[in-house]
Amino acid sequence: MPLATDDFLDIDDVTPAELDALLDRAAAMKAGETEPRLPDTTLGMIFEKPSTRTRISFETGMTRLGGHAMFLGPDDLQLGHGEPLRDTARVLGRYVDAVMARLFDHADVETLAEHADCPVINGLTDEAHPCQTLADLLTIREFVGEDATVAWVGDGNNVGQSFVVGAAMAGIDVRVATPAEYGMDPAVFERAAAFGAEVEPTADPEAVVDGADVVYTDVWVSMGQEDERDEKVAAFDGYQVNADLLAGTDAKVMHCLPAHRGEEITDDVLESDRALAWDQAENRMHAQNALLVELLEKGDAGES
């Protein structure tokens with residue numbers, strides 16, 4: 001059955017049961033066990049931020065589903081020329097079957113969802129990256145299993161915040177190590193607690209890595225934070241995922257990419273057999289295809 005939610009703006013817009021079903025469907029689609037189709041379906045893709053994985057995974061995914069994806073960059077819309085976002089949303093809702101938006105301000109994706117008469121998917125905002133979390137959870141299922149302990153090491157950014165909540169929904173134990181001044185929003189831990197997870201953030205990377213099945217990191221300097229580079233790099237001294245931090249563990253390593261090799265992760269770790277980053281990248285497409293089908297599948301657009 002389609003998801004109860006009309007939009008996917010945060011990972012906990014779905015229930016744990018729906019999340020589990022989404023991951024089941026993604027795994028089945030990846031394995032070729034089922035081939036749902038979305039013929040004559042158009043996905044409008046709004047990009048304020050540049051992207052490799054988000055654009056390619058959604059565009060290729062829609063092609064595989066029998067639909068069409070339309071790239072809408074800053075120069076392709078009237079948003080930069082004075083048109084209110086709510087007006088753009090209303091127009092898009094009359095044309096396309098779904099909207100995926102990769103934006104800076106999370107409030108903007110909420111505005112799109114409020115005014116567009118079609119499902120809206122958050123392809124990334126400064127607060128959340130739920131599509132990445134779907135791919136991460138699918139990857140952990142494949143390579144570690146659901147009885148896993150994951151250590152988040154580094155910046156308490158949008159990727160980490162979505163992952164902590166999603167992992168709690170999936171029953172995965174999460175530990176978080178960030179510098180105090182770059183921690184996650186306390187509301188994230190409250191949301192995780194609603195699913196039975198007690199996450200106590202720390203500033204000690206070695207403590208969270210000890211005994212972990214997976215160590216997950218991301219860039220320290222995200223898009224739009226370039227003027228903070230020197231300050232952030234200094235604050236994250238000791239948080240690099242390298243051979244010393246991983247010594248004595250068999251932990252796999254996750255990174256949502258792009259990676260700043262030599263900053264948050266070393267080249268030798270990212271190129272090692274521990275790294276799952278490439279599987280995460282591939283799973284973006286499979287997880288998002290399952291999400292699109294669950295949001296849009298109805299009537300004769302069901303499985304062929």
Side-chain angles (χ1 to χ4, degrees), residues 1-39 41 43 53-54 57-58 60-67 69 97-98 100 119-123 128-150 159 162-174 191-192 194-197 213-214 216 252 254 256 276-304:
M1 294 294 292
L3 298 175
T5 183
D6 293 326
D7 305 296
F8 187 67
L9 309 186
D10 285 296
I11 190 66
D12 45 351
D13 282 346
V14 298
T15 67
E18 288 174 330
L19 175 61
D20 190 58
L22 263 173
L23 296 175
D24 284 345
R25 175 158 233 171
M29 291 170 68
K30 182 177 181 179
E33 297 170 3
T34 178
E35 296 183 358
R37 304 286 289 169
L38 295 174
T41 300
L43 174 69
R53 280 148 293 277
T54 298
S57 60
F58 270 108
T60 302
M62 281 298 292
T63 299
R64 291 193 179 192
L65 291 171
D97 299 282
M100 185 284 298
V120 173
I121 297 169
N122 179 4
H129 199 349
C131 289
Q132 181 64 52
T133 296
L134 290 179
D136 296 338
L137 296 176
L138 181 60
T139 304
I140 291 170
R141 272 192 177 197
E142 291 178 342
F143 291 92
V144 183
E146 294 177 89
D147 184 18
T149 297
V150 180
V159 175
S162 289
F163 181 77
V164 166
V165 178
M169 295 171 68
I172 293 171
D173 179 36
V174 183
R191 288 161 61 197
F195 300 104
D213 300 298
V214 178
Y216 196 169
K252 297 292 186 181
M254 292 173 56
C256 70
L276 300 179
W278 323 114
D279 300 284
Q280 291 172 261
E282 177 186 347
N283 282 339
R284 284 289 302 276
M285 181 180 67
H286 301 300
Q288 290 161 186
N289 278 6
L291 174 65
L292 286 163
V293 170
E294 293 283 350
L295 284 172
L296 295 173
E297 184 180 65
K298 54 176 82 83
D300 59 5
E303 293 187 8
S304 58

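The CE atom of M285 lies 6.5 Å from the OG1 atom of T60; values are rounded to the nearest 0.5 Å. If you take CD on Q288 and CG on L138, they are separated by 11.0 Å, rounding to the nearest 0.5 Å. With rounding to the nearest 0.5 angstrom, the CG atom of D24 is 4.5 Å from the CZ atom of R141. To the nearest 0.5 Å, atoms OG1 (T5) and CG (D13) are separated by 5.0 Å. Y216 OH to D136 CG: the interatomic distance, rounded to the nearest 0.5 Å, is 3.0 Å.
The two residues T133 and F163 have their closest heavy-atom pair at OG1-N, 3.3 Å. Of all heavy-atom pairs between G66 and R37, the closest is CA-NH2, 3.5 Å. Residue R25 comes nearest to P36 through the heavy atom pair NH2-CB, 4.0 Å, listed as atom of the first residue, atom of the second, then distance. P130 and S162 make their closest contact through N-OG, 3.7 Å (heavy atoms, listed as atom of the first residue, atom of the second, distance). Across all their heavy atoms, T139 and Q280 have their closest contact at OG1-CA, 3.5 Å. Heavy atoms only, all atoms of each residue included: L19 and L137 are closest at CD2-CD1, 3.9 Å.
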Fill in: Stepwise side chain to side chain contact (heavy atoms under 4.5 Å, CB included) test for N283 and L134
CA-CA 8 Å; N283 282 339; L134 290 179; over 6 Å; no
